[in-house]
Every structure is written in structure tokens, then in C-alpha cells.
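Worth saying up front: this structure is predicted, and the values here are computed from it rather than measured.
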Amino acid sequence: ETASSGGTAPVKLTKVRIGLHANEGGTPLAAVAQEKGMFAKYGIDPVFTIVESGPAEMTAMRADNRTLDVGYIGAGVAWNAIDGGGADSLSTVFLDVLSNADMLLAKNGIFTDANNNGKFENSEIFDGIKGKTVYAEVGTTAGSWFMNLVDLINEGKADADKVWIASETSSYLAGYKAPNSNPANKVTVINTSNTNIPAGMATGQMDIVAAYSPATVTILKTNKDAVKIATTVDNFPPSKSFPSTWVASDAWINENPEVAQNFINALYEAAIWRSGNLDEAMRIGEKVAQKPEGTFDPTNLVAPSQAQYEEWFASPDAQGYQYMRALYDSKVGNVPEGNPVKSFEESFNDDLIVNAIKGL
């Protein structure tokens with residue numbers, strides 16, 4: 001297929017089968033690359049599939065007769081790029097956004113912003129949460145995220161002074177050891193469906209919640225009494241902030257190295273445009289995902305700028321590599337037993353993103 005415009009020579013377009021997720025992380029970047037001409041510029045004819053889930057996407061990409069070449073994924077299925085089993089292996093090829101979907105929200109007045117800087121420091125979260133009850137769906141990311149938050153606010157304190165978690169949901173506390181038994185330091189976590197949390201806050205039944213999008217978006221948009229206390233990006237170091245990424249079939253990359261590089265070049269240019277036009281990027285993404293306008297909320301993510309990409313991938317110990325390595329370290333244990341495990345360097349094909357950054 002060819003395309004031409006305004007007297008320029010026709011550009012040969014190559015079809016690339018792309019998996020997208022119908023959320024604010026999973027659609028806008030590729031949608032922008034299509035709408036703003038980055039794909040056409042680099043000779044890519046995108047064929048979009050909105051996938052139902054990460055596992056279904058990985059199955060399509062890893063099938064003997066694969067139906068997807070490359071796709072956006074959240075952290076949950078990122079282990080697939082570490083699994084070196086067979087001819088159907090994948091590699092991570094691009095850092096898209098940092099997820100900011102998990103948040104600690106509270107009724108105004110429970111936590112004190114002592115520094116009056118609009119941000120709650122870890123010490124302020126510690127003081128506010130002692131002896132309180134937190135509602136969260138414990139089997140989801142929000143449950144494990146809150147546990148990590150408690151570890152974070154306890155850092156540097158003696159065991160006797162730390163806050164500790166109690167819950168009637170025993171599976172949530174599997175492997176957890178409370179640092180003390182002081183009732184004043186107890187934080188009670190009550191297992192609650194994420195979808196029920198906005199109503200619980202609205203009716204005043206719940207004062208503090210650990211929740212994830214879209215519940216967080218609903219609360220912050222509709223509940224004037226709700227305050228954002230902690231988020232992944234504001235409160236956690238890179239080792240705890242997992243990026244959403246793009247993965248590609250190794251066979252596809254090896255068969256089409258130039259197409260693969262052009263695809264990442266287009267994504268990178270789209271990412272730069274997105275960082276300066278975040279709301280418009282959300283609306284473009286909603287059209288492609290066929291979602292109502294206003295569905296995608298950019299508060300759930302951090303979209304890197306050109307300066308950040310350049311800084312993050314300037315050297316192998318820079319922040320982008322720290323994010324990618326943290327993701328690797330958290331997911332390497334999910335590779336099925338008996339399958340070969342790729343090293344970090346094998347799992348992350350960083351040449352593509354580094355070349356894209358250098359080339360622009």
C-alpha cells in the first residue's frame with residue numbers, strides 16, 4: 001500500500017498489528033500517532049485491536065500464528081517479556097507512562113498538611129493513619145500498593161514505633177509480620193469492592209480509602225470533601241513505581257528490524273506531542289477506544305516529556321532504566337516454573353527507544 005501527499009513521493013506503508021487497552025494509558029499514544037501523522041510519516045499502517053485483557057493480548061502475540069505484533073501492556077503481564085520459552089518470546093520495547101492509578105484518599109481534615117505545601121509528606125501520612133481504618137479491595141493492586149505505602153512511611157523507625165496492618169481477610173496478611181502489637185499503631189484494613197468505594201465515601205461510611213481508577217477518578221470529580229493523600233508517583237521511589245510499557249514479538253522484530261525501529265520512532269514523537277497536549281491526547285484516545293468523552297483521566301498517569309525521556313535513558317543507570325529494572329525485579333518470579341528466564345538486558349530491547357531518542 002502506498003500513500004502520497006502534495007507532490008511528495010509515495011510512502012510505502014507497512015501493516016503493523018497493534019494491541020491496545022481501552023483506558024487512559026492504553027490507547028492515547030497510538031491514537032495520537034495515527035491522528036497526528038506520526039505513523040504515516042514512518043511508513044506504518046496501524047491495525048488496532050482493543051484487547052479485553054493483558055493475558056488475552058499476550059496469548060494473541062505469543063501464538064504460533066500470532067495475530068498481534070506489538071502492544072501496550074500494564075505491569076500485570078510484564079513477565080511475558082522475561083519468559084524465554086520457545087519461539088514465541090517477547091521483548092519490552094518502550095516505556096509509555098508511569099501508572100498513577102492507585103491512591104490513598106481521605107475525608108478532608110483527617111490528615112494534616114503541616115508543611116502547607118499541598119503535598120502530604122510520609123511523616124504526615126504516618127501521623128494521620130495511626131489507629132485508623134482503611135477500606136480497600138485487598139486482592140487487587142490497591143491492596144498490595146497500600147502495604148507498600150505502610151512500609152514506606154515506616155522507614156527509619158524502630159519496630160516498636162511502626163504502624164502495623166490488621167485485617168479480617170487472612171489471605172491479605174499471608175507472609176506479613178506485624179512489627180509490634182501496640183493498638184495505638186494499628187491500621188485496620190477492611191476488604192471492600194473497589195466499585196463500592198465512591199459510594200462509601202459519599203455517604204460518610206468510609207473516611208480513608210486505598211483505591212484505583214476509575215473509583216479514584218469518580219471520588220475526586222464528585223466528592224468535594226475528598227483529599228488526595230498519596231499516589232504512586234508523588235510518594236514512591238522509582239523502585240516502586242511501575243511503568244506501563246510496549247512489548248513486541250521477538251520474531252516480528254527480527255523479521256522487520258527497520259519497521260520495528262520506525263514504529264518506536266513514531267511512538268516516541270507521539271509521546272512528545274502527548275506530554276504537551278495531555279487532555280487532547282485523552283480525547284483522541286477515547287475516539288479510538290470508542291469511549292464517551294471525558295472517560296480517560298490523565299491524573300491516573302505520568303506522561304514523560306522529551307526532556308525526561310532524554311534524561312531517563314541517557315545511561316544504563318539513569319531513571320528510565322531504574323523504572324524498567326524495578327518492573328523486571330517485581331515480575332521475574334511470575335515466569336512459569338521450568339521456563340528459561342531472560343536477563344534484564346535480554347528482556348528489554350532498549351536499542352529501539354535509545355535510537356528513537358537520539359534520532360529526533
Side-chain angles (χ1 to χ4, degrees), residues 18-36 38 48 50-51 54 71-76 94-105 118-120 140-142 145 194-195 197-198 201 209-224 226-236 238 240-246 266-312 319-320 323 327:
I18 304 165
L20 301 177
H21 292 216
N23 56 34
E24 48 270 289
T27 309
L29 188 62
V32 165
Q34 182 187 42
E35 171 122 344
K36 298 297 176 182
M38 288 88 173
F48 293 147
I50 305 289
V51 299
Y72 167 97
I73 60 166
F94 194 74
L95 186 158
D96 190 325
V97 293
L98 299 179
S99 174
N100 207 28
D102 297 296
M103 297 182 184
L104 186 72
L105 306 176
K119 179 176 183 269
F120 292 90
T140 67
T141 55
W145 177 87
N194 196 67
T195 52
I197 283 176
M201 281 204 85
V209 302
Y212 58 90
S213 169
T216 46
V217 175
T218 303
I219 292 164
L220 291 171
K221 276 186 175 173
T222 62
N223 191 332
K224 290 183 173 57
V227 181
K228 193 190 296 181
I229 305 300
T231 71
T232 303
V233 171
D234 285 341
N235 295 83
F236 283 88
K240 299 280 188 185
S241 305
F242 299 142
S244 297
T245 59
W246 287 73
L267 280 194
Y268 179 55
E269 287 196 24
I272 292 166
W273 186 92
R274 176 183 61 182
S275 72
N277 305 273
L278 202 46
D279 285 320
E280 191 183 340
M282 296 297 116
R283 306 295 81 82
I284 294 169
E286 287 162 352
K287 279 192 290 183
V288 168
Q290 299 184 323
K291 292 288 185 184
E293 189 172 322
T295 304
F296 292 171
D297 191 311
T299 58
N300 294 321
L301 53 85
V302 171
S305 64
Q306 182 171 1
Q308 283 175 310
Y309 274 114
E310 288 173 355
E311 184 185 321
W312 287 5
Q319 195 161 333
Y323 286 128
L327 180 64

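Residues meeting the side-chain hydrogen bond (donor to acceptor under 3.5 Å, both in side chains) test with Thr195, sequence neighbours left out: Ser193. Evaluation of the side chain to side chain contact (heavy atoms under 4.5 Å, CB included) rule for Val227 yields Asn108, Phe120, Ile229 as partners, not counting sequence neighbours. When the side-chain hydrogen bond (donor to acceptor under 3.5 Å, both in side chains) test is applied to Thr218, no partner is found at least two apart in sequence or on another chain. Scored by the salt bridge (Lys or Arg N to Asp or Glu O under 4.0 Å) test, Glu280 finds Lys36 as partners (sequence neighbours excluded). Annotation: side-chain hydrogen bond (donor to acceptor under 3.5 Å, both in side chains) contacts of Asn223 (sequence neighbours excluded): none. With sequence neighbours left out, the side chain to side chain contact (heavy atoms under 4.5 Å, CB included) criterion links Gln290 to no other residue. Taking Asn23 as the reference, His21, Tyr72 meet the side chain to side chain contact (heavy atoms under 4.5 Å, CB included) condition, with sequence neighbours excluded. Partners of Thr295 according to the side-chain hydrogen bond (donor to acceptor under 3.5 Å, both in side chains) rule, which considers only residues two or more places apart in sequence or in another chain, do not exist here. Shown here are the side chain to side chain contact (heavy atoms under 4.5 Å, CB included) partners of Thr232, two or more places apart in sequence or in another chain: Asn100, Asp102, Trp145, Phe236, Ser241. The salt bridge (Lys or Arg N to Asp or Glu O under 4.0 Å) test applied to Lys287 returns Glu35, not counting sequence neighbours.
Taking CG of Asp297 as the start and NZ of Lys221 as the end, the distance is 5.0 Å to the nearest 0.5 Å. From Asp234, atom CG reaches atom CG of Leu104 across 12.0 Å, with rounding to the nearest 0.5 Å. Note: Leu29 CG to Leu301 CG = 10.5 Å, rounded to the nearest 0.5 Å. Within the model, atoms CD1 of Ile18 and CD1 of Ile50 stand 10.5 Å from one another, a figure rounded to the nearest 0.5 Å.
Closest approach of Ser244 to Gly74, counting heavy atoms only: OG-CA, 4.1 Å. Taking every heavy atom of both residues into account, Asn235 and Ala230 meet most closely at OD1-CA, 3.2 Å. Scanning all heavy atoms of the two residues, the minimum distance from Pro28 to Met282 falls at CG-CE, 3.9 Å. The minimum heavy-atom distance between Val51 and Gly19, with the atom names listed, is CG1-CA, 4.3 Å. For the pair Ala210 and Ala142, the tightest heavy-atom approach, listed with the atom from each and the gap, is O-CB, 3.7 Å. The heavy-atom pair separating Val233 from Ser99 by the smallest distance is CG2-O, 3.9 Å.
Using a 4.5 Å heavy-atom cutoff, the side chains of Thr27 and Lys291 are not in contact. The side-chain heavy atoms of Tyr323 and Thr245, taken from C-beta on, include no pair separated by under 4.5 Å. For the pair Gln308/Ser275, no side-chain contact is recorded, criterion being any heavy-atom separation below 4.5 Å from C-beta on. When side chains are defined from C-beta on, Pro304 counts as touching Leu95, because their heavy atoms get closer than 4.5 Å. Considering only heavy atoms from C-beta on, Leu220 comes within 4.5 Å of Met103 through its side chain.
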Verify side-chain contact (heavy atoms from CB on, under 4.5 Å) between Asp96 and Arg274, making sure each step is shown before the conclusion.
CA-CA 11 Å; Asp96 190 325; Arg274 176 183 61 182; 2.7 Å; yes
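A distance-only check finds no donor-acceptor pair linking the side chain of Glu293 to the backbone of Arg283 [under 3.5 Å]. Remark: the backbone N or O of Pro298 is not paired with any side-chain donor or acceptor of Glu24 at under 3.5 angstrom.
Sequence neighbours left out, the pairs with a member in residues 271-310 that pass ring pair (Phe, Tyr, Trp, His ring centres under 6.0 Å) are Phe94-Tyr309, Tyr268-Tyr309.
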